[in-house]
Colleague: 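Here it is, the structure in full.
Quantities reported herein were computed from a predicted structural model and do not represent experimental measurements.
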Amino acid sequence: MKQFPPVDIIPPDYNTNPLFLNNSDMSDNEYNFRDIEKKWQNYWRDCGLFRVDANDTSHEAKEKFYCLVMFPYPSGTLHVGHGRNYIIGDVVTRYKIMKGYRVLSPIGWDAFGLPAENAAIQKQIHPSIHTKDNIRKMKSQLERWGVGYDWDREVTSCKPDYYKWTQWIFLKLFENKLAYKKKASVNWCPSCSTVLANEQVVEGLCERCDTEVTQRDLEQWFFRIANYAQRLLDDLETLDKWPEKVKTMQANWIGRSEGASIDFTLQESKEVISCFTTRPDTVYGVTFMSLAPEHPLITELVKGTDNEESILQFVSRIKNQNFVERTSEGTEKEGIFTGRYVTNPVNGEKVPLWVANYALMEYGTGAVMGVPAHDQRDFAFARKYDLPVMRVIEPSDSEKRQQTEKVDEAYVEDGIQVNSGQFDGMHNREAIPKIIRFLEEKRYGKGSINYRLRDWLISRQRYWGAPIPIVYCESCGTVPIPEEELPVLLPENVEFKKKGQSPLADVEEFVNTTCPSCKGMAKRETDTMDTFVDSSWYYLRYLSSNDDTQAFDPEVVNKWLPVDQYIGGVEHAILHLLYSRFITKVLSDLGLLGFNEPFKSLFTQGMIVKDGAKMSKSKGNVVNPDFIIEKYGTDTQRLYTLFMAPPQRDAEWNDRGIIGAFRFLNKLWKNVVALQTEFNNIPRREITHDLFSKETKELFRQINITIKKVTEDIEESWHFNTAVASIMELLTVVTNFTEGQGGRKFEDENGINDFNVLRHALETIVKILAPFVPHISEELWVICGNEPGIFSVSWPLYNKDVLEAEQVEMAVQINGKVRSRVTVESEISEDVLKMRIMKEERICELLDGKEVLKIIIIPKKIVNIVIK
RNA sequence: GCCAGAGUGGCGGAAUUGGCAGACGCGCCGGAUUCAAAAUCCGGUCCUCGCAAGGGGGUGUGGGUUCAAUUCCCACCUCUGGCACCA
């Protein structure tokens with residue numbers, strides 16, 4: 001079997017690259033990360049630190065915590081940018097373990113998809129081999145990073161034991177009329193040779209390969225996500241632990257607008273053309289109506305008219321324009337008169353019917369009522385074709401009214417209705433509901449809400465996906481495969497041709513089958529499902545990944561979900577996260593789930609960029625973590641990744657920065673190892689505060705301050721960078737303490753007490769670093785004289801009574817400028833403080849001959865003397 | 001155009017119920033150690049005037065509120081992301 005060629009990584013320059021500066025000779029007492037990391041990874045595996053028996057009820061006292069990172073596409077190699085996601089997830093997992101939760105932290109592979117198939121075409125390697133190989137590589141990478149998962153729950157979406165249930169979910173939707181096939185104009189990517197969902201088209205380009213997307217009329221499978229638009233929108237409000245940004249993006253995508261749909265009637269045939277408008281208050285100002293070039297009525301309407309040919313020419317010219325030509329804002333409004341008229345129901349006006357390039361078939365009904373007086377686009381159109389402009393709303397303020405009388409733009413603001421029959425004189429906002437009621441009473445139309453969200457197109461004309469479990473039978477029509485016959489297996493022996501149709505269509509054994517219903521001859525659906533279907537439910541499968549009787553066990557799933565913490569990239573803000581919410585709601589409606597939002601709390605991490613650009617092979621700026629781990633260890637990689645910036649923000653990777661993280665770990669290592677004899681010989685005792693010297697007291701205070709800071713940074717803001725910084729500061733305090741008095745001795749009772757405070761300090765550092773750099777923490781924990789297993793130790797609590805220092809330095813300002821400093825007792829009274837300050841030589845000098853207006857005292861911080 | 005978010009030393013970034021701007025790290029400069037280097041350790045490092053003591057300026061720009069503004073208010077500029085001929 002051919003080996004998949006290794007991913008090309010630019011070899012580092014050993015002479016100039018700071019990552020490869022010489023530090024290779026390690027003596028016994030050196031920080032030997034290679035052995036340490038291997039050792040503890042094996043230890044966690046053997047003791048099952050991350051293994052969770054979801055059915056086990058013996059831990060009921062412990063609260064559950066489901067920590068989920070977005071499962072990766074097995075692309076082959078993960079770079080340090082991907083690493084961030086898993087490292088953050090691992091910090092949360094390990095922290096929660098120390099906080100006493102039962103933590104479920106699973107992982108799997110989003111393993112279907114185009115790249116594997118494209119590689120297959122290029123290199124003639126079967127996608128399943130390619131994928132399996134990549135999974136193997138990436139799995140070993142994740143293991144080397146020391147990120148902890150319950151590997152017994154691993155899922156792989158391209159395996160039949162997984163996609164069987166993806167197909168089952170399709171059937172559930174099909175049974176409930178939420179999956180359907182229709183002919184529609186759909187997005188087609190010529191380079192990927194497949195259709196795409198709206199969500200996968202970005203500015204007219206294929207999201208994946210940036211090829212220009214064209215439109216094709218094809219019969220395709222859709223999921224009725226549009227039916228869920230309102231609920232997907234409403235329930236965003238319940239997601240209080242999601243970033244506002246993501247919720248806004250979803251709300252924009254759903255794009256709800258309120259208005260009315262109004263029925264205009266064709267004058268000849270009496271056929272009704274409805275149009276949607278958000279401004280029913282302007283209906284009296286309609287002077288023309290526009291149809292989208294794709295509107296199905298056009299062909300019929302223009303048949304036999306004088307202008308038939310030029311109209312059809314116009315339509316086909318517009319249809320053939322590319323996305324940018326057609327939809328960019330600067331594109332000139334163009335249209336052509338159809339020769340037909342419709343009647344405006346509210347006033348009986350005869351309204352010319354046009355075809356216009358700016359009317360979109362995919363929004364509303366594909367027909368727009370033209371109100372040039374109050375819509376800028378209609379205005380431009382009317383100007384160009386000399387159509388009448390009819391004002392029906394005027395500014396309430398008469399001065400403004402004069403100003404706007406002859407201006408070259410539409411009046412789009414609010415105002416008073418005019419020329420609007422019975423509604424004249426009303427404020428337009430007030431008129432809207434009244435006009436809607438009027439339309440409804442007269443059966444001219446109705447109040448209506450329109451959404452931008454379209455149904456989810458899930459068919460793909462490609463091989464490497466889950467087959468859609470449907471057959472087409474001449475006598476029975478479209479027939480779903482019965483549940484018990486799942487999975488519909490993806491055939492292994494297929495030929496990968498360069499471009500074109502799905503290879504499945506050529507596999508006769510696959511295509512030709514019998515109808516499950518009448519047992520007659522039938523043909524299988526040869527399209528596969530969008531991979532976003534696979535990923536829309538994987539978080540459920542983790543709870544019963546080895547169950548071959550059901551997709552998930554409702555009881556277990558209801559116990560462990562919703563996911564307590566979901567972590568992933570913001571690029572999935574709409575796609576994956578919207579689809580998952582939809583599928584969860586559907587399954588919940590079917591009574592299969594007891595919750596209707598899958599992810600309680602969402603964290604989106606920023607990208608790691610290098611040289612100002614996203615890491616990519618083509619740009620050659622990929623930083624491979626393997627080299628870093630080889631030279632410095634994964635704890636260093638982890639520490640730097642966490643330290644470089646707050647994780648929600650994009651961050652610039654700097655190779656030099658790694659060194660700072662490595663230095664810190666070495667410094668910590670040396671400090672602990674240097675005390676090994678003392679750790680072994682000096683008895684562990686309760687700390688006695690009465691024996692504290694000034695330095696000891698300060699050290700003890702700093703320990704507590706640091707615990708507080710780190711705990712809050714993890715729990716509240718996720719600012720791991722400042723958490724790490726504060727631990728670095730504590731280590732400096734520790735170093736100063738041990739080196740104080742020319743090297744501290746721990747001999748008498750005071751000394752033993754001091755040592756126990758020092759031990760407390762180092763053990764605290766090791767504990768609060770454990771979620772960040774678990775390997776070195778485990779090792780140092782043992783060196784401090786403890787039994788192995790730092791993750792069975794509780795997260796330290798701080799003593800809030802010792803956070804305050806006895807003395808504080810305060811800045812003394814005169815008119816807002818710092819002129820002096822005083823060190824005073826922190827609980828000093830204002831009067832005593834004022835007296836102290838007035839004795840300061842420098843202050844006296846500056847105040848000499850000046851009038852003091854007032855003195856502002858901010859306790860423990862600042863004194864500001866205001867003078868004239 | 002609309003809606004979010006951001007703008008702080010040479011660099012990554014700290015600090016917002018208004019209270020000493022620049023924590024921590026990188027880099028750089030100086031020193032110790034070394035035959036020399038690497039590694040390590042110590043000190044310095046916002047700009048500017050000054051030998052110094054000390055002074056002046058400084059958080060995108062311009063205003064404002066305040067004893068005090070990176071933080072609050074108004075106007076604007078730039079960048080990033082989302083939506084956009086959406087009726």
Colleague: Over how many whole Å does the gap from A/Phe379 atom CZ to B/rC85 atom C1' extend?
Modeller: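 After rounding, the reported distance stands at 16 Å.
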Colleague: Both distances below 3.5 Å, Watson-Crick or wobble geometry, any strand: find the nucleotide opposite B/rC20.
Modeller: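 When the pairing criteria are applied, nothing turns out to pair with B/rC20, so the answer is none.
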Colleague: Evaluate the ring planes of A/Phe720 and A/Trp718, with Trp represented by its six-membered ring, and classify them as parallel (under 30°), tilted (30 to 60°) or perpendicular (over 60°).
Modeller: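 A/Phe720 and A/Trp718: tilted rings.
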Colleague: Output yes when at least one side-chain N/O atom of A/Arg279 is less than 4.0 Å from OP1 or OP2 of B/rA87, else no.
Modeller: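 The answer is no; no side-chain N or O of A/Arg279 sits under 4.0 Å from OP1 or OP2.
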Colleague: Using a 4.0 Å heavy-atom cut-off across all strands, classify A/Asn721 as base, sugar-phosphate, or nothing.
Modeller: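 A/Asn721: backbone/sugar contact only, no base atoms under 4.0 Å.
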Colleague: With the side chain of A/Ala359 defined as its heavy atoms from C-beta on, choose the nearest nucleotide among B/rA23, B/rA87, B/rG12.
Modeller: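 Shortest atom-to-atom distance from the side chain points to B/rA87.
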Colleague: What about A/Arg821: does its side chain form a donor-acceptor pair under 3.5 Å with the base of B/rC20?
Modeller: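 Per atom types, the contact qualifies.
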Colleague: Can you see if the side chain of A/Lys817 gets near the phosphate of B/rG57 - specifically, an N or O under 4.0 Å from OP1 or OP2?
Modeller: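 Answer is yes, contact under 4.0 Å.
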Colleague: Describe the nucleic acid contact of A/Ala661 in one word from base, sugar-phosphate, nothing, applying a heavy-atom distance below 4.0 Å.
Modeller: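 If one applies the 4.0 Å heavy-atom cut-off, A/Ala661 turns out to touch nothing in the nucleic acid.
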Colleague: In whole Å, what separates the P atom of B/rA68 from that of B/rA21?
Modeller: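 To the nearest whole Å, 14 Å.
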Colleague: Looking only at atom C1', what distance separates B/rU59 and B/rU70, rounded to whole Å?
Modeller: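 Going atom to atom, C1' in each nucleotide, I get 5 Å.
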Colleague: Find the partner of B/rC2: check Watson-Crick (N1-N3 plus N6-O4 or O6-N4) and G-U wobble (N1-O2, O6-N3) distances, both under 3.5 Å, and reply none if neither fits.
Modeller: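 Pair assignment: B/rC2 / B/rG82.
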Colleague: Between B/rG12, B/rA87, B/rG81, which nucleotide gets closest to the side-chain atoms of A/Thr278?
Modeller: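 Nearest to the side-chain atoms of A/Thr278, counting from C-beta on, is B/rA87.
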Colleague: Find the partner of B/rC26: check Watson-Crick (N1-N3 plus N6-O4 or O6-N4) and G-U wobble (N1-O2, O6-N3) distances, both under 3.5 Å, and reply none if neither fits.
Modeller: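 Pairing partner: B/rG10.
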Colleague: RNA chain B: A/Met810 or A/Gly366, which has the more 5' nearest nucleotide?
Modeller: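 Taking each residue's closest nucleotide, the earlier one in sequence belongs to A/Met810.
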Colleague: Would you indicate what A/Arg819 reaches in the nucleic acid, counting non-hydrogen atoms under 4.0 angstrom: base, sugar-phosphate, or nothing?
Modeller: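 Sugar-phosphate, no base atom in range.
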Colleague: Indicate the ring-plane relationship of A/Trp669 and A/Tyr31, choosing parallel, tilted or perpendicular according to the 30° and 60° boundaries.
Modeller: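 Correct class here is tilted.
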Colleague: Check whether the side chains of A/Asn666 and A/Tyr632 place a donor and an acceptor atom closer than 3.5 Å, and report yes or no.
Modeller: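 No - no donor-acceptor pair under 3.5 Å links their side chains.
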Colleague: Quick check for you: among B/rG19, B/rA87, B/rG81, whose closest atom lies nearest to any side-chain atom of A/Tyr363?
Modeller: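 The closest nucleotide is B/rA87.
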Colleague: Given B/rA87, B/rG19, B/rA4, which nucleotide is nearest the side-chain atoms of A/Thr277?
Modeller: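 The answer is B/rA87.
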Colleague: Nearest to the A/Ile574 side chain among B/rG19, B/rC67, B/rC83, which nucleotide is it?
Modeller: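 Within the option list, the nearest is B/rC83.
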Colleague: Could you measure between the two C1' atoms, the one in B/rA69 and the one in B/rG64, and give it in whole Å?
Modeller: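 Taking atom C1' in both B/rA69 and B/rG64, they lie 11 Å apart.
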Colleague: Rounded to whole angstroms, how far apart are CZ on A/Phe381 and P on B/rA87?
Modeller: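 Rounded to the whole Å, the gap is 18 Å.
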Colleague: Tell me: CG of A/Asn736 to P of B/rC41, nearest whole Å?
Modeller: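 Result: 13 Å.
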Colleague: Nearest to the side chain of A/Arg377, heavy atoms from C-beta on, is which of B/rG13, B/rA87, B/rC24?
Modeller: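 Selected nucleotide: B/rA87.
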Colleague: Distance check, C1' atoms only: B/rA4 and B/rC24, in whole angstrom units.
Modeller: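 Those two atoms are separated by 30 Å.
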Colleague: Tell me the partner of B/rC46, counting only Watson-Crick (N1-N3 plus N6-O4 or O6-N4) or G-U wobble (N1-O2 and O6-N3) with both under 3.5 Å; none if nothing fits.
Modeller: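 With both distances under 3.5 Å, B/rC46 matches B/rG57.
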Colleague: We want to know whether A/Glu199 and A/Trp456 form a side-chain donor-acceptor pair, criterion being a heavy-atom distance below 3.5 angstrom.
Modeller: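 Short answer, no.
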Colleague: Could you give the distance from CZ (A/Arg581) to CG (A/Leu232), rounded to the nearest 0.5 Å?
Modeller: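 Taking CZ in A/Arg581 and CG in A/Leu232, the distance rounds to 5.0 Å.
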Colleague: Figure out the CD1/C1' separation between A/Ile862 and B/rU66, and round it to whole Å.
Modeller: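 These atoms are roughly 14 Å apart.
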Colleague: Which of the following nucleotides, B/rG81, B/rG19, B/rG12, is nearest to the side chain of A/Lys245?
Modeller: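 Looking only at heavy atoms from C-beta outward on A/Lys245, the closest nucleotide is B/rG81.
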Colleague: Is it true that the side chains of A/Thr823 and A/Gln807 contain a donor and an acceptor less than 3.5 Å apart?
Modeller: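 No - no donor-acceptor pair under 3.5 Å links their side chains.
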Colleague: Contact class for A/Glu362 vs. all strands (heavy atom < 4.0 Å): base, sugar-phosphate, or nothing?
Modeller: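 Answer is nothing: A/Glu362 stays at 4.0 Å or more from every strand.
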Colleague: If only side-chain N and O atoms of A/Arg656 are considered, is one of them under 4.0 Å from the OP1 or OP2 phosphate oxygen of B/rG27?
Modeller: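 Answer is yes, contact under 4.0 Å.
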Colleague: Go ahead and name the base partner of B/rU66; Watson-Crick or wobble counts if both distances stay under 3.5 Å, otherwise write none.
Modeller: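 Its partner is none (no Watson-Crick or G-U wobble pair with both distances under 3.5 Å).
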Colleague: Just how far, in rounded Å, is P of B/rA23 from CZ of A/Phe643?
Modeller: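 In whole Å, B/rA23 P and A/Phe643 CZ are 11 Å from each other.
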Colleague: Any side-chain N or O of A/Arg452 under 4.0 Å from OP1/OP2 of B/rC85?
Modeller: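 No, because none of the side-chain N or O atoms of A/Arg452 sits under 4.0 Å from OP1 or OP2 of B/rC85.
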Colleague: Write down the partner of B/rU33 under the Watson-Crick or G-U wobble criteria, each distance required to be under 3.5 Å.
Modeller: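 Pairing partner: none.
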Colleague: Measure the distance from CE on A/Met249 to C1' on B/rC2 and round it to the nearest whole Å.
Modeller: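 The distance from CE of A/Met249 to C1' of B/rC2 comes to 15 Å, rounded to the nearest Å.
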Colleague: Between B/rC85 atom C1' and A/Phe276 atom CZ, what is the distance in whole Å?
Modeller: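 These atoms are roughly 16 Å apart.
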Colleague: Would you indicate, yes or no, if B/rA39 has its OP1 or OP2 atom less than 4.0 angstrom from a side-chain nitrogen or oxygen of A/Arg663?
Modeller: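 No, A/Arg663 has no side-chain N/O under 4.0 Å of OP1/OP2 on B/rA39.
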Colleague: Go through B/rA23, B/rG13, B/rG19 for me and flag the one nearest to the A/Thr722 side chain.
Modeller: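 Nearest to the side-chain atoms of A/Thr722, counting from C-beta on, is B/rA23.
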Colleague: Does B/rA39 have a Watson-Crick or wobble mate here (both distances under 3.5 Å), and if so which one?
Modeller: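 Looking at the geometry, B/rA39 pairs with no nucleotide.
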Colleague: Within the modelled atom types, does a donor on one side and an acceptor on the other bring the side chain of A/Asn252 and the base of B/rC83 under 3.5 Å apart?
Modeller: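 Per atom types, no contact qualifies.
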Colleague: For B/rG9, decide between syn and anti, treating a glycosidic angle within 90° of 0 as syn.
Modeller: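 That one's syn.
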Colleague: To the nearest 0.5 Å, what is the distance between CG on A/Asn85 and CD on A/Gln605?
Modeller: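 CD of A/Gln605 is found 4.0 Å from CG of A/Asn85.
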Colleague: Is a donor from one side chain sitting under 3.5 angstrom from an acceptor on the other, for A/Asp655 and A/Trp653?
Modeller: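 There is such a pair between these side chains.
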Colleague: Counting side-chain heavy atoms from CB outward, which of B/rC67, B/rA87, B/rC24 is closest to A/Asp375?
Modeller: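 Per side-chain heavy atoms of A/Asp375, the pick is B/rA87.
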Colleague: Establish, with yes or no, whether the OP1 or OP2 oxygen of B/rG55 is under 4.0 angstrom from a side-chain nitrogen or oxygen of A/Arg842.
Modeller: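 Checking A/Arg842 against B/rG55: at least one side-chain N or O falls below 4.0 Å of OP1 or OP2.
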Colleague: From the options B/rG13, B/rA87, B/rA14, select the nucleotide whose nearest atom is closest to the side chain of A/Ser257.
Modeller: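 Given the options B/rG13, B/rA87, B/rA14, the side chain of A/Ser257 is closest to B/rA87.
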Colleague: In whole angstrom, give the distance that lies between atom NZ of A/Lys670 and atom C1' of B/rA39.
Modeller: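 Spelled out: NZ on A/Lys670 to C1' on B/rA39 is 8 Å.
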Colleague: Once you apply a heavy-atom cut-off of 4.0 Å, does A/Val368 come out as touching a base, just sugar-phosphate, or nothing?
Modeller: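 It contacts base atoms.
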Colleague: Both A/Asn357 and A/Gly660 contact RNA chain B. Which one's nearest nucleotide lies toward the 5' end?
Modeller: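 Mapping each residue to its closest nucleotide by heavy atoms, the 5'-most match is A/Gly660.
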Colleague: Step by step, work out the ring-ring contact (aromatic ring centres under 6.0 Å, His included) result for A/Phe381 and A/Phe288.
Modeller: CA-CA 10 Å; A/Phe381 192 81; A/Phe288 64 95; 5.2 Å; yes
